[in-house]
Amino acid sequence: AARSEGIVVFAAASLRNALDDIAAAWQRESGTKAAVSYAGSNVLARQIEAGAPADVFLSADLDWMDYAASKGLIDPASRTNLLGNALVLIAPKDEGADIALVPGVDLAAALKGGRLAMAGVEAVPAGRYGKAALQRLGAWEGVKDRIAQAENVRAALLFVARGEAPLGIVYRTDAASDPSVRVVATFPADAHPPILYPAALTRTARPEARAFLAFLGSPQARQAFERHGFSFRGKPVSGS
Amino acid sequence: MLNAWLSPEEWSAVALSLKVAATAVAASLVPGIAVAMLLARGRFPGRRALDAVVHLPLVLPPVAVGYLLLLTFGRRAPAGAFLAEHLGLVFSFRWTGAALACAVMGFPLLVRAVRLSIESVDRRLEKAGETLGAHPAWVFLLVTLPLITPGILAGAVLCFAKAMGEFGATITFVSNIPGETQTLPTAIYAFTQVPGGEGRALRLTLVSVAISVAALWASEWLARRVRRRLAAG
Amino acid sequence: MLNAWLSPEEWSAVALSLKVAATAVAASLVPGIAVAMLLARGRFPGRRALDAVVHLPLVLPPVAVGYLLLLTFGRRAPAGAFLAEHLGLVFSFRWTGAALACAVMGFPLLVRAVRLSIESVDRRLEKAGETLGAHPAWVFLLVTLPLITPGILAGAVLCFAKAMGEFGATITFVSNIPGETQTLPTAIYAFTQVPGGEGRALRLTLVSVAISVAALWASEWLARRVRRRLAAG
Amino acid sequence: MSLEVDIRHRLGAFVLDAHFRSEGRLTALFGRSGAGKTTLVNAIGGLVRPERGRIAVQGRVLLDTDKGIDVPVHRRRVGYVFQEGRLFPHLTVRQNLLFGRWFTPRRERRADFGRVVDLLGIGHLLGRRPGTLSGGEKQRVAIGRALLADPQILLMDEPLASLDDTRKAEIYPYIERLRDEGRVPIVLVSHSVPEIARLATAVVVLAEGRAVACGPAAEILRHPELFPEPGPAEAGALVETRVLRHEDSFDLTVLETRSGPLTVPRLDLPVGAPLRVRIRARDVILALERPQGLSALNVLPGRVEAMEGGEGPGLDVTLDCGGERLLARITRKSAAHLGLAPGREVHAIVKSVAFDSQVVTRTPRED
Amino acid sequence: MSLEVDIRHRLGAFVLDAHFRSEGRLTALFGRSGAGKTTLVNAIGGLVRPERGRIAVQGRVLLDTDKGIDVPVHRRRVGYVFQEGRLFPHLTVRQNLLFGRWFTPRRERRADFGRVVDLLGIGHLLGRRPGTLSGGEKQRVAIGRALLADPQILLMDEPLASLDDTRKAEIYPYIERLRDEGRVPIVLVSHSVPEIARLATAVVVLAEGRAVACGPAAEILRHPELFPEPGPAEAGALVETRVLRHEDSFDLTVLETRSGPLTVPRLDLPVGAPLRVRIRARDVILALERPQGLSALNVLPGRVEAMEGGEGPGLDVTLDCGGERLLARITRKSAAHLGLAPGREVHAIVKSVAFDSQVVTRTPRED
Ligand SMILES: Nc1ncnc2c1ncn2[C@@H]1O[C@H](COP(=O)(O)OP(=O)(O)OP(=O)(O)O)[C@@H](O)[C@H]1O
Ligand SMILES: Nc1ncnc2c1ncn2[C@@H]1O[C@H](COP(=O)(O)OP(=O)(O)OP(=O)(O)O)[C@@H](O)[C@H]1O
Ligand code: MOO
Ligand SMILES: [Mg+2]
Ligand SMILES: [Mg+2]
């Protein structure tokens with residue numbers, strides 16, 4: 001059904017809140033249906049590789065977009081870095097003192113024997129960014145054996161929210177919405193590779209998809225993204 | 001009232017999950033019984049290998065199963081292309097694929113239950129059927145099958161419940177496309193990935209549980225009826 | 001040779017998975033048989049509710065089960081705090097938590113298999129045991145239990161296999177700490193998340209499958225021995 | 001010894017409504033297929049819980065629905081030989097046999113394993129499992145299992161049905177011993193009139209769920225109407241006797257009855273031992289005069305007391321032979337030819353070989 | 001009619017090594033518990049595959065291990081009444097009964113449902129499931145199920161063991177009819193000598209897995225040594241007779257034998273009908289002179305041919321009564337008193353009532 005009547009957007013699961021609003025708005029405006037399939041970026045990339053009927057791909061990091069590009073699955077001309085995000089250190093609501101994330105910071109001490117909750121440090125983008133930042137700050141060696149790796153950044157957030165872990169590293173977008181955690185510090189943007197959400201059309205995109213991609217750069221879309229805590233980075237290119 | 005409670009998209013996930021689970025159970029029933037029979041009774045060289053293969057979906061992480069399915073039944077994969085061309089049966093990114101994933105994941109559960117039942121059938125009854133002139137195939141239909149009904153029901157409901165909860169293989173194999181492959185569990189997953197989605201995830205979880213429990217109770221009711229008949233005074 | 005094939009961290013995941021799966025099976029065996037017995041034979045008000053609860057882990061997405069475990073047995077959760085304080089039993093971020101998650105996920109499979117076996121026991125034999133002076137509890141131990149051994153074996157191996165493959169509930173409940181909670185499936189998962197990790201993921205998957213298949217075959221061999229004894233000439 | 005049963009129970013369209021009291025050491029349940037024998041035994045054993053009623057064994061109340069008494073099966077201490085075996089398939093024959101022993105208080109363990117095994121001829125089967133036993137072998141093990149539990153009441157539902165005569169002849173004396181030791185009352189379901197005549201001290205006849213007759217064996221067996229065709233051939237008189245002397249040269253034993261001496265095949269009993277002899281009506285020939293030159297050794301003078309005939313060619317003649325009541329079944333034609341009538345003096349002739357082990361048994365000791 | 005069996009099969013320590021050929025329409029298998037009767041029947045039915053051997057029914061080879069023939073069970077068309085019932089628990093009695101019918105070619109469906117049901121007295125059970133039937137009811141349904149499959153050979157493993165005498169008496173004539181219609185050979189396992197004497201045309205005696213005797217029933221039953229204690233009482237002679245006339249006033253029938261007329265209870269058969277009568281050795285009294293004033297109606301003159309005695313008080317006297325061979329069992333004492341010796345003229349006395357339905361049967365038609 002989705003295939004014949006509209007377009008299919010493959011988007012990283014963390015974009016859901018904002019993108020649901022935007023897809024609905026676009027649908028109202030254009031009269032074309034946009035079905036959004038949310039899953040992990042890695043899953044989506046592999047599925048596009050396997051011939052999934054996706055028209056637009058929104059990845060949560062550059063690696064999987066690069067992967068798709070390297071396999072010739074996307075239209076390189078349409079690729080833009082649409083959104084940005086920031087990485088924060090969080091603690092349960094009423095716990096822990098603020099920490100200054102300066103080089104040489106002793107996070108291990110702040111853990112007080114507890115664990116540092118992060119998304120998978122090898123696999124999940126948020127985890128990789130976090131590891132890079134900790135390395136840059138010289139804190140990695142001190143905590144690397146104290147890390148509780150969650151399946152994804154939401155699960156890491158949960159560990160802190162439930163008080164299982166005294167500290168955790170998540171996106172600003174996640175931390176902002178959960179009242180049971182508080183932001184202890186924000187990582188300096190230059191401490192880790194830029195946190196970017198690239199967007200692109202797939203090789204097999206239907207014509208309507210181009211309009212959708214353009215709509216992602218519209219003020220309306222920008223508003224929606226920003227409302228959910230993303231920083232808006234750039235207007236997608238609409239011509240090829 | 002329920003309409004207000006669930007969004008149209010959520011409704012379509014509920015409907016799709018039901019369709020997928022029912023199809024998965026229906027499609028795996030006959031092969032499941034056949035394989036259970038082979039494993040319980042067969043004496044052929046590949047028996048142990050078949051046994052292992054049947055259990056594989058249980059052992060493998062579901063995501064791995066989904067990935068294997070993608071590699072086998074994807075649009076570009078040989079088996080997928082063959083089926084699409086000759087039978088018009090396309091799995092990739094269709095609800096049929098979700099059903100396939102659920103069927104594969106539920107298969108070991110179905111086979112085990114049926115097989116346990118088969119192994120507890122008194123074979124002397126089957127022999128009695130043969131002396132009455134019934135070919136072993138008829139004996140299977142008229143004697144064995146009715147006697148293992150409780151096991152089939154148990155297996156079917158396990159398979160159904162598994163299908164209602166299966167997430168990893170499904171999302172990996174056919175993604176999470178609303179209206180096409182977004183089942184209840186994948187919808188729930190998507191909600192848990194964003195801030196504030198917990199409430200809706202919980203609602204959908206309750207729906208899913210309610211459906212499975214209803215199926216469970218129905219199957220138990222049926223099984224009890226059957227068993228009461230079989231009870232030796 | 002194998003040492004070269006798997007890294008020390010991978011080895012520890014293998015060892016941990018074995019420990020977790022064995023513990024999960026061992027810990028759920030007695031409660032599993034008890035619950036199966038209750039469900040098969042009991043006539044008490046909450047029977048159907050218990051039935052539903054037991055099946056829940058099958059229906060729920062594994063991640064949801066992990067989430068529920070966290071809410072129940074987490075460090076700050078009432079049950080978790082109670083157990084930690086009074087029994088010194090801590091689950092959070094420990095291998096014990098992984099075992100708990102696996103046990104919970106495998107429980108419905110174990111219970112189903114055992115229950116099917118119980119339901120096919122000829123109750124007249126149990127009555128015969130009672131006429132010989134044996135209290136029903138003794139009859140259970142001396143008659144019922146030996147007769148359901150094939151079902152217990154089947155249930156145990158399903159539970160074991162499930163534990164070897166369980167990922168979602170484990171990682172959600174106790175995360176993925178190498179050497180502590182990184183079981184084979186969570187290790188495999190981590191590898192599949194990075195481009196190019198497929199090779200190592202596949203290797204670990206093969207190890208996991210090999211272990212489960214060995215367990216499967218062992219259980220079948222045992223079951224066949226038991227069954228041969230029981231066979232009516 | 002006493003067994004009191006007064007129960008009512010419905011199973012579908014079938015209603016068991018049995019009310020009787022038996023003082024016998026061995027109470028035989030007799031009745032057609034479907035008459036309710038197994039149901040009744042099940043009620044005594046506690047496997048069926050009657051809707052209402054009372055069951056007491058030796059004064060020990062096992063069930064009393066009015067008083068809310070229902071002794072659980074495992075505390076009833078019944079030794080139940082089931083109609084369908086019910087051996088434990090996972091245990092060896094030896095383990096099956098010893099199952100009940102575990103639950104018998106040590107000081108009540110009387111049955112001797114070796115003796116029971118020898119008696120039943122199952123010594124060579126001890127290591128086997130029931131699955132491979134023949135029908136009769138299973139039944140023998142089931143009997144052994146019940147005996148070795150040292151029960152307080154023995155329930156036997158057609159225990160000997162699938163055994164050959166030789167085997168039966170070996171087991172009968174043991175059942176008689178059990179009966180005569182008098183420690184446990186025995187309830188025996190049987191379709192075989194000779195078996196009942198040999199073993200029973202009391203008989204309960206069931207018909208369509210009702211106990212239509214109940215009383216001492218000697219009395220009940222005298223009623224041909226209770227033992228329907230071809231039973232009449234099995235009707236007869238139970239005569240209480242005593243060993244008078246042995247005639248060793250001919251391997252014979254002479255018994256003393258009120259009606260005179262009775263010569264039977266040699267019995268291995270001391271002089272003076274009490275014996276019960278069943279003289280089947282069909283084995284008795286009547287003669288007007290004491291016959292000469294006849295191979296039959298037993299000629300008992302008597303008087304015709306009554307003659308009862310129904311349909312058919314037969315006539316049941318009741319004789320009073322010196323105070324002992326005998327039954328003879330002859331044809332109406334013979335009766336007419338001989339001019340038989342009540343009061344008439346006659347001689348009853350019975351062959352010695354008629355007294356085989358099926359009809360000559362030690363008198364059950366009654367309390 | 002023919003049944004050829006020549007098989008060898010090992011089960012644990014037990015070896016079945018049976019070799020016989022029976023021409024009888026109804027072959028009885030007789031033997032002690034564990035002798036191998038069920039195993040032999042299983043081999044004929046195809047439920048046990050002998051290690052080697054050959055089985056043929058009416059010339060149709062069911063098994064020949066040398067030639068690699070092993071007809072599958074469902075094509076053997078055996079009607080098997082199992083020793084342990086084996087009713088289908090999920091089917092009603094009616095469905096159980098009709099199970100075989102589905103697989104019988106339409107033109108071979110001869111057995112009449114209504115008749116079989118009536119005969120077995122199971123009409124009221126048709127809607128029930130086997131789980132609630134009594135032992136005897138199950139057995140009757142099992143018999144009906146086998147009969148209604150219109151088999152080409154009927155295998156009955158102690159089919160009547162748990163039935164009461166009345167029920168047996170109702171079923172016997174039907175089995176006789178089946179036997180005499182001669183369409184299907186019947187193999188009957190039985191422990192009951194009267195049953196075998198009544199029904200069998202041939203007897204195979206099994207002992208420890210071997211066929212120790214095999215032959216026409218009349219011949220085998222004459223050998224007391226084959227029917228161990230208390231069998232001797234059951235030894236006797238089978239006499240072929242014919243209805244001579246009826247004595248309606250006394251409800252008697254007179255039969256013609258080579259040794260003279262035999263008066264028996266009224267039979268519902270036309271004059272001239274052939275009959276087989278078993279005269280049990282224990283029912284025969286010998287007299288030196290023709291006795292007078294005796295209630296026994298049958299006095300057959302004859303001559304002592306042989307006297308055989310072993311241990312014990314008994315002696316088997318073989319008589320030649322006008323060419324008919326009779327057997328009498330008397331005590332050695334009587335023989336001495338009467339001065340019996342081979343060649344001596346005597347009179348054999350048999351009561352009319354001795355000829356009950358257990359010993360008088362229609363002569364099986366032999367091919
Ligand atoms: N698998 C086995 N292993 C050892 N012995 C066996 C096996 N199966 C059967 N037997 C023995 O073979 C013998 C013959 O068994 P079968 O059932 O044929 O006896 P049967 O003559 O029918 O006896 P019954 O009258 O008691 O039914 C028995 O002694 C039995 O114990
Ligand atoms: N659940 C039931 N529903 C209806 N009828 C039943 C049920 N259970 C037993 N009956 C009937 O009760 C009657 C008595 O059964 P029971 O087993 O006591 O007979 P029995 O005297 O032991 O017979 P047999 O000599 O054949 O073993 C039978 O006619 C049987 O069909
Ligand atoms: O001597 Mo007899 O006739 O055998 O009693
Ligand atoms: Mg009964
Ligand atoms: Mg047998």
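Letters A, B, ... are given to chains in the order of the sequence lines, protein chains preceding strands, and every chain is numbered from 1. All values below come from the heavy atoms of this structure, side chains included, with hydrogens, waters and symmetry mates left out.
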[atom2] on [Y] to [atom1] on [X], rounded to 0.5 Å:
X: D/L47; Y: C/E130; atom1: CG; atom2: CD; answer: 8.0 Å
X: C/K127; Y: D/Y80; atom1: NZ; atom2: OH; answer: 12.5 Å
X: D/R86; Y: C/T131; atom1: CZ; atom2: OG1; answer: 8.0 Å
X: C/L132; Y: D/L148; atom1: CG; atom2: CG; answer: 10.0 Å

Taking side chain as everything from C-beta outward and backbone as N, CA, C, O, which of these in [X] sits under 4.5 Å from a heavy atom of chain C? Side chain, backbone, both or neither.
X: D/R101; answer: neither
X: D/L155; answer: neither
X: D/E84; answer: side chain

Quick one: does C/D122's side chain get under 4.5 Å of D/P89's, heavy atoms only?
-> no
Specify the closest pair of heavy atoms between C/A128 and D/F88, including all atoms of both residues, with the distance to one decimal.
->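 Distance-wise, the nearest heavy atoms are C-CZ, 4.2 Å.
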Shortest non-hydrogen separation from C/G133 to D/F103 and the atoms involved |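 Closest approach of C/G133 to D/F103: O-CB, 3.4 Å.
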Give a yes or no on whether [X] atom [atom1] has more than 12 heavy-atom contacts from other residues, nucleotides or ligands under 6.0 Å away.
X: C/R225; atom1: CZ; value: no
X: D/W102; atom1: CH2; value: no
X: D/R10; atom1: CZ; value: no
X: C/R224; atom1: CZ; value: yes
X: D/R106; atom1: CZ; value: no

Hey, which residues of residues 141-165 of chain C are touching chain D, say heavy atoms under 4.5 Å apart?
->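 Residues of residues 141-165 of chain C touching chain D at under 4.5 Å: C/L142, C/V143, C/P146, C/L147.
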